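Everything quoted here is computed from the prediction, not taken from an experiment.
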Amino acid sequence: MPDMVVAWMDALVPVTITLVIGLVIMNTGFDLPLFIRGLFSPISAFGQTWLGLIAITFFTCFLYSFGFTWILFPIAWAIWMEGMDANMAAVAAGHVAQNINLMETVMGLTYIGGQGCTLALVIIVCVLK
């Protein structure tokens with residue numbers, strides 16, 4: 001077969017398989033996003049604790065020091081959005097917002113002055129000098 005036909009078939013087969021699987025999932029009523037959220041619910045529950053906030057921040061900065069920038073951002077973003085949604089629902093119901101691990105908290109407390117908390121390092125060096 002000509003190379004053009006082989007390349008076309010190589011691209012067509014995976015796309016067709018993906019479309020067929022997607023159609024089967026859609027027609028059975030299976031909710032894939034809800035299933036994925038169920039798998040990650042323990043991570044989200046842990047992420048809304050102080051220890052989870054520290055762990056996400058630590059691993060983000062740790063991986064950043066090796067050149068893996070924003071590798072944990074999709075996981076953190078999901079935790080932040082669920083926490084923000086729960087906080088908005090609680091405030092709308094007249095309750096107090098309970099979730100602490102939000103994008104604003106992380107950016108305001110840990111990333112001020114740089115992702116590796118370099119502002120805190122500068123302050124410590126100035127105090128020790």
Side-chain angles (χ1 to χ4, degrees):
M1 276 205 269
D3 289 338
M4 181 180 80
V5 175
V6 172
W8 183 75
M9 288 300 289
D10 286 344
L12 186 63
V13 171
V15 169
T16 305
I17 291 172
T18 303
L19 284 174
V20 168
I21 290 172
L23 285 171
V24 168
I25 288 173
M26 187 178 81
N27 288 329
T28 60
F30 181 72
D31 193 357
L32 186 61
L34 186 63
F35 176 73
I36 293 171
R37 285 178 72 184
L39 287 176
F40 285 101
S41 63
I43 295 171
S44 181
F46 172 71
Q48 286 303 331
T49 64
W50 279 106
L51 187 60
L53 174 69
I54 292 169
I56 287 174
T57 304
F58 171 76
F59 284 119
T60 301
C61 292
F62 180 73
L63 292 172
Y64 184 81
S65 66
F66 291 106
F68 298 108
T69 58
W70 303 105
I71 196 166
L72 294 178
F73 191 74
I75 296 170
W77 188 263
I79 293 170
W80 294 339
M81 292 299 111
E82 279 191 24
M84 192 180 312
D85 186 43
N87 282 350
M88 287 189 298
V91 169
H95 301 14
V96 177
Q98 296 290 325
N99 294 315
I100 57 166
N101 192 356
L102 305 172
M103 185 170 146
E104 291 78 12
T105 309
V106 173
M107 298 300 171
L109 293 178
T110 60
Y111 292 164
I112 186 169
Q115 185 167 1
C117 296
T118 52
L119 183 62
L121 179 64
V122 169
I123 292 170
I124 290 171
V125 169
C126 287
V127 169
L128 293 176
K129 186 175 182 183

Peer 1: Report, one line per pair, each donor and acceptor closer than 3.5 Å where one atom sits in a side chain of residues 19-35; sequence neighbours left out.
Peer 2:
from: Asn27; atom 1: ND2; to: Leu23; atom 2: O; distance (Å): 3.2
from: Thr28; atom 1: OG1; to: Val24; atom 2: O; distance (Å): 3.2
from: Thr28; atom 1: OG1; to: Ile25; atom 2: O; distance (Å): 3.0

Peer 1: Of all heavy-atom pairs between Ala97 and Val91, which one has the smallest distance, and what is that distance?
Peer 2: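 Smallest interatomic distance, heavy atoms only, reads CB-CG2, 4.1 Å.
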Peer 1: So, the side chain of Ser41 versus the backbone of Gly38: is there a donor-acceptor pair under 3.5 Å, distance only?
Peer 2: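 Yes; at least one donor-acceptor contact below 3.5 Å.
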Peer 1: If you count the non-hydrogen atoms of other residues, nucleotides and ligands that lie under 6.0 Å from CZ in Phe59, is the total more than 12?
Peer 2: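 Incorrect, the count does not exceed 12.
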Peer 1: Measure the shortest side-chain to side-chain distance between Ile56 and Val106 over non-hydrogen atoms and say whether it is less than 4.5 angstrom.
Peer 2: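 No - every pair of side-chain heavy atoms lies 4.5 Å or more apart.
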Peer 1: Are Leu39 and Leu72 connected into the same hydrophobic cluster when the rule is that any two of I, L, V, M, F, W, Y join if their side-chain heavy atoms are below 4.5 Å apart?
Peer 2: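 Yes, Leu72 connects to Leu39 through the hydrophobic network.
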Peer 1: Are Ile54 and Leu102 connected in a single hydrophobic cluster, I mean Ile/Leu/Val/Met/Phe/Trp/Tyr linked by side-chain heavy atoms less than 4.5 Å apart?
Peer 2: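 Shared cluster, no.
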Peer 1: Anything under 30° is parallel, anything over 60° is perpendicular, the rest tilted; go ahead and classify Trp77 against Phe73.
Peer 2: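 It falls in the tilted class, 30° to 60°.
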Peer 1: Could you tell me which non-hydrogen atom of Asn99 sits nearest to which non-hydrogen atom of Gly83, and how far apart they are?
Peer 2: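 Scanning both residues completely, I find the closest heavy atoms to be ND2-O, 3.2 Å.
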Peer 1: Could you go step by step and tell me if Gln98 and Gln48 meet the side chain to side chain contact (heavy atoms under 4.5 Å, CB included) rule?
Peer 2: CA-CA 9 Å; Gln98 296 290 325; Gln48 286 303 331; over 6 Å; no
Peer 1: Within the side chain of Thr16, is there an N or O that forms a donor-acceptor pair under 3.5 Å with the backbone of Leu12?
Peer 2: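 Flag set: sc Thr16 to bb Leu12 pair under 3.5 Å.
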Peer 1: For Leu63 versus Ile71, what's the shortest heavy-atom pair and its separation?
Peer 2: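 For Leu63 and Ile71, the tightest heavy-atom pair comes out as CD1-CG2, 3.3 Å.
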Peer 1: Side-chain heavy atoms nearer than 4.5 Å, only ILVMFWY residues, links allowed to pass through others: does that put Trp50 and Val96 together?
Peer 2: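 No, it is not one cluster - the side chains of Trp50 and Val96 are not joined through contacts under 4.5 Å.
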Peer 1: In this structure, would Met107 and Leu53 fall into the same cluster of hydrophobic residues linked by side-chain contacts under 4.5 Å?
Peer 2: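 Met107 clusters together with Leu53.
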Peer 1: Hey, does the side chain of Asn101 reach the backbone of Gly47 with a donor-acceptor pair shorter than 3.5 angstrom?
Peer 2: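 Such a contact is found between Asn101 side chain and Gly47 backbone.
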Peer 1: For the residue pair Ala11 and Pro14, what are the closest heavy atoms and their distance?
Peer 2: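 Shortest heavy-atom separation between Ala11 and Pro14 comes out as O-CD, 3.6 Å.
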Peer 1: Kindly say whether Phe46 contributes a backbone atom to a donor-acceptor pair with the side chain of Thr49 at under 3.5 angstrom?
Peer 2: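 Such a contact is found between Thr49 side chain and Phe46 backbone.
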